[in-house]
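Inspection log for the structure reproduced underneath, given as structure tokens.
As the structure is a computational prediction, the values presented were derived from the model and not from experiment. Residues: numbered from 1 along the sequence shown. Numbering of ligands and ligand atoms starts at 1, following listing order.
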Amino acid sequence: MCAHCGKHFVGTAANGNRYRYRYRYRYRYRYYTCYSRQRYGTNTCNAERLPADELDDAVLTALLICYERHDLIDQAIHDACGRAEATRGQQRAELDAVDAEITKTEQAVDRYLLAFETGDLPQAQCGDRIRTLGAKLAELRDRRTDLADSLEGLQPHAPSRDLLAELRARIKTTLDAGPNPGRKTVIEELVHKIHVVARDDIQPWFRLPPDSSDQKVRMHIDSVGPTGFEPVTSRV
Ligand SMILES: [Zn+2]
């Protein structure tokens, strides 16, 4: 993401000539270019073009370092737990409100039924009101289920050391293989966003790897969403 205009960077390529002895080679050079600049020109945004292969390299290297830093990961988990706790607080309050509304609505239904039994309310009128209240109750109960599910699933969980080691091995393999399409997959999977201030100030945010050994935990981490580490600045 471009720090100047907030737009994403897009992959672009340019043809170049390279000379070796007396031969001329045509080659394609890949860049990442800010969308505004690419589309509307440098007057709109003059963020520098970034060499794609070098940036991919630097980001993967930073990721590798980050996954070795168990202290950073523990800190990120701690922060995520804090945010999850705040969300849980709000959700618990909403759950209480929904429960109160359900009780109130159920009591209203009982009152209409009683009024109908004692002959105080005509059947048609009673039926209408009970249908309206019934629809409201169904909605409230759905919301209650969603809240309860969400409350149960909001505990961020640290990835195991084994998983981190496994991921580091995968990142290293990808790095050693040089520029190739597999890099994009790894980057998309593990990098949340890359904040580009300038060519020498690029801040990648990494995702916490999901713990694949435990399906339930993986769901939990997905629901919390990506967790930013302390940004690791890498020079390109
Ligand atoms: Zn821009």
*Does atom CD of Glu139 have more than 12 heavy-atom neighbours from other groups under 6.0 Å away?*
no

*Protein N, O or S within less than 2.8 Å of the Zn ion (ligand 1), waters excluded*: Cys2 SG, Cys5 SG, Cys34 SG, Cys45 SG

Distance-only, no hydrogens or angles: does the [X] side chain make a donor-acceptor pair with backbone N or O of [Y] under 3.5 Å?
{"X": "Arg49", "Y": "Thr33", "result": "no"}
{"X": "Arg183", "Y": "Gly178", "result": "yes"}
{"X": "His4", "Y": "Val197", "result": "yes"}

*Determine, for Lys172 against Asp176, whether the closest basic-nitrogen to carboxylate-oxygen distance falls under 4.0 angstrom.*
yes

*Could you tell me whether Glu85 and Arg88 have a side-chain N and a carboxylate O separated by less than 4.0 Å?*
yes

